[in-house]
There are 2 protein chains.
Amino acid sequence: MGAFIVIVEDEEDILELIEYNLEKEGFDTMGFTSTKNVSQLLEEEDVDLLIMDRNLPGVEGSEFVGQMREIGVETPVIYLTAKNKESDIEEGFERGGDDYITKPFNMKELILRLKAILKRTQKDKTEGKVVYRDIILDLGSRELFIEGNNIELTKLEFDLLHTLISNQNIVLDRDYLLEHVWGGDAIYQDRTVNVAINRLKEKIDADKSKEYIKTVRGVGYTLC
Amino acid sequence: MGAFIVIVEDEEDILELIEYNLEKEGFDTMGFTSTKNVSQLLEEEDVDLLIMDRNLPGVEGSEFVGQMREIGVETPVIYLTAKNKESDIEEGFERGGDDYITKPFNMKELILRLKAILKRTQKDKTEGKVVYRDIILDLGSRELFIEGNNIELTKLEFDLLHTLISNQNIVLDRDYLLEHVWGGDAIYQDRTVNVAINRLKEKIDADKSKEYIKTVRGVGYTLC
DNA sequence: GGGCTATGTAACAAAATGGTTACAGAGCCT
DNA sequence: AGGCTCTGTAACCATTTTGTTACATAGCCC
């Protein structure tokens, strides 16, 4: 469960301490000493959790989160705050923050809460079903049904189809797919996508005349 | 009804007073003057009730219970509190506490409430059964029946099956299982889950042709 | 149609994954 | 202490899955 966690904290010592400990727990982290660049990151990347100091120079932490919420960013937040007056805490909650921890804080506590929040939100992620025409993808049991028939998929095939369905009618290029299905770091060839798509096609378009996955020459693939 | 009751109270006089009276009533008790070691006890032992001072030095009592709830500890709580402002009481309830008593308190009242809570929760405990197809898991006696046959399980196997049944039709990955079955702190290998699952499979799928626990390659396991 | 590029296909090799077993330490009971 | 069971770890092997490569085919522009 290598979640991606962004930390905003102006005191560098504390920032490093948090990053060190979270990475030791197996999380991917990225630290900032101001909210600069953070909004862009939240919008564009798949950030699982934000840890945010409330007492930043310049913008108030909760102010910032408020703005994020307004443009539809739902990333859960843990506030770090020296204040522990109740009014402040309430305000933090009101603005859509999910938890708060008062400084000085216990690293174990932070990690405990963080895991609790992740558990909650990650679970939401896996609940439910995604549907496209005759195709039903059950995210919980990881089963695929086409016209009621259960079709077995490998992990890769499932993730690939999941991404395609989530972006139906949008053409996804190979780079996008590599990044989202295969994951960021490792480097693969384009052809990898190619082959994977075709193995998936084989199962999906099997006996049907219908063609679900369409190749868009020169660009990528789409479920249209 | 020799329930096991843990008491956390920093004033030793009061602590002893409570322990004395509860033991006279036939309860097993264990007293602490701080929350140190208590979390571990709650996680690992079968504690029936927690009596907790809210005004502890250091961690807030309700804060502590909140953390316990987040990692899945369901032990009911009675708060002792000098505060009786409504806001405090509400907050205590919100965090999952089950009752509160304001100091100075009447020992008789404490015991009365305590018995009321125990009656309620003990009943839940013994009535609970989880069913999946031919499988009946009796949470009270911790017995497993498959098609009426009693099959012996070790603690680990039982907890594992319990988690699987509670999440039937959902694929649980190894991290999830490690966290929920083995518990948060300790660090184990994936392979540990692997072996445990297979030991469980051996017992469950024994003479049957039916396969209850399904391996989802690359992801985890599920009861499907 | 010819020539170009992009894509599909098949085959192979490498890597990942899970089952199985053996073993050792921990815990428990006698 | 001795013997028991339970459980975590490591090693090994079989299998599946996946990446890569080479080659065939299809699409597109002239």
Side-chain angles (χ1 to χ4, degrees), chain A residues 1-2 142 144 151-164 171-206 211-224, chain B residues 40-41 43-46 142 144 151-164 171-206 211-224:
Chain A
M1 91 119 107
R142 297 183 68 93
L144 164 66
I151 296 177
E152 297 233 333
L153 294 181
T154 67
K155 172 175 154 55
L156 183 69
E157 287 160 356
F158 186 91
D159 293 342
L160 187 53
L161 184 55
H162 182 25
T163 326
L164 286 169
V171 182
L172 303 177
D173 60 43
R174 291 176 176 72
D175 284 340
Y176 181 94
L177 289 171
L178 275 177
E179 196 166 318
H180 285 74
V181 180
W182 277 257
D185 304 335
I187 292 172
Y188 303 95
Q189 326 272 68
D190 291 13
R191 323 304 336 288
T192 298
V193 180
N194 222 310
V195 176
I197 284 274
N198 285 301
R199 301 213 242 242
L200 176 59
K201 268 187 171 174
E202 215 163 82
K203 289 192 182 176
I204 286 181
D205 300 340
E211 182 191 45
Y212 292 104
I213 298 176
K214 191 176 144 198
T215 305
V216 181
R217 204 185 157 79
V219 192
Y221 300 90
T222 182
L223 225 66
C224 66
Chain B
Q40 195 188 356
L41 190 68
E43 280 183 75
E44 294 176 1
E45 296 301 317
D46 197 4
R142 294 182 70 89
L144 164 67
I151 296 177
E152 297 235 333
L153 293 182
T154 68
K155 169 175 157 50
L156 183 68
E157 287 161 355
F158 186 89
D159 293 342
L160 187 52
L161 184 55
H162 182 26
T163 316
L164 286 169
V171 181
L172 303 177
D173 60 42
R174 292 175 176 72
D175 284 339
Y176 182 93
L177 289 171
L178 275 177
E179 196 166 318
H180 286 74
V181 179
W182 278 258
D185 301 336
I187 291 173
Y188 302 96
Q189 328 268 68
D190 296 11
R191 323 304 329 291
T192 297
V193 179
N194 224 309
V195 177
I197 284 273
N198 285 304
R199 302 213 240 241
L200 177 58
K201 266 187 172 173
E202 217 162 80
K203 289 193 183 176
I204 286 181
D205 299 340
E211 183 192 45
Y212 292 105
I213 299 177
K214 189 177 145 200
T215 305
V216 181
R217 197 166 232 276
V219 190
Y221 299 91
T222 184
L223 223 67
C224 67

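The chains referred to below are lettered A, B, ... by the order of the sequence lines, with proteins before strands, and numbering in each begins at 1.
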(message) Taking the basic N atoms (NZ, or NE/NH1/NH2) and the acidic carboxylate oxygens, is any pair closer than 4.0 Å for B:Arg142 and B:Asp159?
(response) yes
(message) Please determine whether a side-chain nitrogen of the Lys or Arg among B:Lys203 and B:Glu157 lies less than 4.0 Å from a carboxylate oxygen of the Asp or Glu.
(response) yes
Rounded to the nearest Å, what distance is computed from the [atom1] atom of residue [X] to the [atom2] atom of nucleotide [N]?
| X | N | atom1 | atom2 | result |
| --- | --- | --- | --- | --- |
| B:Leu178 | D:dT7 | CG | P | 14 Å |
| B:Arg174 | C:dT17 | CZ | C1' | 8 Å |
| A:Ile204 | C:dG8 | CD1 | P | 14 Å |
| A:Leu200 | C:dT9 | CG | P | 13 Å |
| A:Glu211 | C:dT7 | CD | P | 14 Å |
| A:Asn198 | D:dA26 | CG | P | 14 Å |
| B:Asp190 | D:dT7 | CG | P | 19 Å |
| B:Lys203 | D:dT5 | NZ | C1' | 10 Å |

Presence of [X] side-chain N/O under 4.0 Å of [N] phosphate oxygens OP1/OP2:
| X | N | answer |
| --- | --- | --- |
| B:Lys201 | C:dG19 | yes |
| B:Thr215 | C:dT17 | no |
| B:Gln189 | D:dG8 | no |
| A:Trp182 | D:dT18 | no |
| A:Tyr221 | C:dG8 | yes |
| A:Thr192 | D:dT20 | yes |

(message) Regarding A:Val216, tell me which of base, sugar-phosphate or nothing describes its non-hydrogen contacts under 4.0 Å with the strands shown.
(response) sugar-phosphate
Check this for me: does the side-chain of [X] come within 3.5 Å of the base of [N] through a donor and an acceptor?
| X | N | result |
| --- | --- | --- |
| B:Arg217 | C:dT17 | yes |
| A:Arg191 | D:dG19 | no |
| A:Arg199 | D:dG19 | yes |

(request) Indicate yes or no for a side-chain donor-acceptor contact from B:His162 to the backbone of B:Phe158 under 3.5 Å, with no hydrogens or angles considered. (result) no
(message) Any side-chain to backbone donor/acceptor pair from A:Asn198 onto A:Lys201? Under 3.5 Å, distance only.
(response) no
(message) Both B:Val195 and A:Leu156 contact DNA chain D. Taking the nearest nucleotide for each, which residue is further toward the 5' end?
(response) B:Val195
(request) Counting heavy atoms from C-beta on, name the nucleotide in D:dT9, C:dT9, D:dT7 closest to the side chain of B:Lys155. (result) D:dT7
(message) Looking only at the side chain of A:Tyr188 (C-beta and beyond, no hydrogens), which of the listed nucleotides D:dC6, C:dT20, D:dT20 gets closest?
(response) D:dT20
(request) Classify the side-chain pair B:Asn194/B:Tyr221 by whether it contains a donor and acceptor separated by less than 3.5 Å. (result) yes
(message) Quick check on DNA chain C: between A:Ile197 and B:Asn194, whose nearest nucleotide comes earlier from the 5' end?
(response) A:Ile197
(message) So if I apply the side chain to side chain contact (heavy atoms under 4.5 Å, CB included) rule between A:Arg174 and each of A:Ile197, A:Thr192, A:Val219, A:Asp190, which one comes out positive?
(response) A:Asp190
